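Written out below as structure tokens is the structure these notes cover.
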Amino acid sequence: YWMSELSKMIAVNIYQCVNQGIVKGISDEENYIYSNGIGGIVGELGCGNVMSSYNYGIVEGREMVGGIVGEMYGWCMLDDNYNNGNVNGYEYVGGIVGSAYADTEHIYITRCNNKGNVCGMSYVGGILGYESQDECSVYITESQNKGTVEGSCCVAGIAGYIHNGAVIDCLNDGTVK
């Protein structure tokens, strides 16, 4: 029953996509990157699924930068996705998802793996950089980080910051500095 109800809510389905190129936000003459919502597969995802997709390229942006999805909101599910490319940003940077939020919905990140290095200043995670909504819950399950995660504030192998939700059966095997 819940799957039939779930399929009515999903606006976007992305399956088996691969990125092997460099994804870089817009920069000025001094190479200052000022773009937000930059992802190896999807820049901004509102209500949808991303499944069995791979990023091998470098992803660079300012805020909300992720190896698979830069920014996601509304009811979303990521399942069986892999990032092998380095991810660089300033804030809200994740190996799989940079930033996630929703007013009353839930976000699920399941069986996702990051092997790329993730670098930012704040809210930096091997899987998820940042989630912050009172009514939203982010559930990260059966996911793994093997890349180096580096930043100055709210830095972790799995999630840099989660306001509501859970991290279940996940593994960080990468260096956090």
Side-chain angles (χ1 to χ4, degrees), residues 18-19 22-25 33 36-45 49-73 76-102 106-134 136-177:
V18 176
N19 173 51
I22 295 172
V23 180
K24 184 175 181 179
I33 299 173
N36 299 334
I38 308 295
I41 302 297
V42 180
E44 184 177 312
L45 176 67
N49 288 323
V50 180
M51 303 178 81
S52 302
S53 293
Y54 295 81
N55 176 55
Y56 297 101
I58 296 169
V59 181
E60 295 182 348
R62 176 147 177 86
E63 296 179 355
M64 297 174 274
V65 184
I68 301 297
V69 178
E71 175 184 9
M72 52 195 284
Y73 56 88
C76 294
M77 183 173 73
L78 272 65
D79 184 32
D80 193 36
N81 295 290
Y82 298 86
N83 176 54
N84 290 316
N86 292 339
V87 181
N88 302 301
Y90 181 76
E91 192 170 53
Y92 315 130
V93 185
I96 301 297
V97 177
S99 177
Y101 63 92
H106 299 303
I107 293 174
Y108 301 90
I109 301 170
T110 305
R111 297 182 307 173
C112 291
N113 293 280
N114 175 56
K115 290 185 180 178
N117 296 328
V118 183
C119 185
M121 183 61 73
S122 57
Y123 306 107
V124 184
I127 302 297
L128 171 68
Y130 181 80
E131 178 279 322
S132 178
Q133 285 291 336
D134 289 337
C136 170
S137 294
V138 171
Y139 299 96
I140 304 172
T141 58
E142 301 177 44
S143 296
Q144 181 173 310
N145 174 58
K146 290 188 177 184
T148 297
V149 182
E150 189 172 352
S152 296
C153 173
C154 298
V155 182
I158 301 298
Y161 180 85
I162 293 181
H163 184 75
N164 279 333
V167 175
I168 302 166
D169 202 21
C170 293
L171 171 67
N172 175 55
D173 199 21
T175 301
V176 177
K177 32 181 171 169

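Just so we're clear, the structure is a prediction, and the values are computed from it rather than from any experiment.
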If you compare all heavy atoms of Tyr92 against all heavy atoms of Ser99, which two are closest, and at what distance to 0.1 Å?
CB-CB, 4.1 Å
Kindly indicate whether the side chain of Ile41, heavy atoms from C-beta on, has any atom under 4.5 Å from the side chain of Ile68.
yes
For the pair Val93 and Val118, evaluate side-chain contact (heavy atoms from CB on, under 4.5 Å) and give the outcome as yes or no after the intermediate values.
CA-CA 7 Å; Val93 185; Val118 183; 3.7 Å; yes
With distance as the sole test, does Asn86 use its side chain to make a donor-acceptor pair with the main-chain N or O of Asn117 at under 3.5 Å?
yes
Nearest non-hydrogen partners of Ala156 and Ala159, listed with the distance
CB-O, 3.2 Å
Rounded to the nearest 0.5 angstrom, the CD-CD distance for Glu71 and Glu63 is 10.0 Å
Among Asn113, Asn114, Asn19, side-chain hydrogen bond (donor to acceptor under 3.5 Å, both in side chains) partner for Asn83
Asn114
Please say whether more than 12 non-hydrogen atoms of neighbouring residues, nucleotides or ligands are located less than 6.0 Å from OH in Tyr161.
yes
Steps toward side-chain contact (heavy atoms from CB on, under 4.5 Å) verdict (Ile140, Ile162):
CA-CA 10 Å; Ile140 304 172; Ile162 293 181; 4.0 Å; yes
Between Ser122 and Cys154, is any pair of side-chain heavy atoms under 4.5 Å apart?
no
What distance do Met64 atom CE and Met72 atom CE have between them, rounded to the nearest 0.5 Å?
14.0 Å
Between the side chain of Glu150 and the main-chain N/O of Lys177, is any donor-acceptor distance below 3.5 Å?
no
More than 12 heavy atoms from other groups under 6.0 Å of CE on Met121:
no
Should Glu44 and Tyr73 be marked as a side-chain contact (heavy atoms from CB on, under 4.5 Å) after you check the CA-CA gap, both sets of side-chain angles, and the distance that decides it?
CA-CA 8 Å; Glu44 184 177 312; Tyr73 56 88; 3.0 Å; yes
Can you tell me how far apart CG (Asp79) and CG (Asn49) are? Round to the nearest 0.5 Å.
8.5 Å
Answer yes or no: is there a donor N or O on one side and an acceptor on the other, between the side chain of Glu131 and the main chain of Asn164, under 3.5 Å?
yes
Output the distance between atom NZ (Lys115) and atom CG (Asn84), rounded to the nearest 0.5 Å.
6.0 Å
Nearest heavy-atom approach of Ile127 to Ser143 is CD1-CB, 4.1 Å
Can you check side-chain contact (heavy atoms from CB on, under 4.5 Å) on Asn88 and Ile58, steps first, answer last?
CA-CA 8 Å; Asn88 302 301; Ile58 296 169; 4.3 Å; yes
Fit a plane to each ring of His106 and Tyr108, take the angle between them on a 0 to 90° scale, and name the class: parallel (under 30°), tilted (30 to 60°) or perpendicular (over 60°).
perpendicular
Compute whether any side-chain donor of one residue and acceptor of the other, for Asp80 and Ser52, lie under 3.5 angstrom apart.
yes
Would you give the length of the straight line joining atom OH of Tyr82 to atom SG of Cys112, rounded to the nearest 0.5 angstrom?
8.5 Å
Looking only at non-hydrogen atoms, find the nearest pair between Ser152 and Val155 and report the distance.
N-CG2, 3.7 Å
Show the nearest heavy-atom pair for residues Ile158 and Cys170, with the distance to one decimal.
CD1-CB, 4.0 Å
Point-to-point distance, once rounded to the nearest 0.5 Å, from CZ of Arg111 to CG of Leu78:
12.0 Å
Tell me if a side-chain donor or acceptor on Asn172 pairs with a main-chain N or O of Gly126 at a distance below 3.5 Å.
no
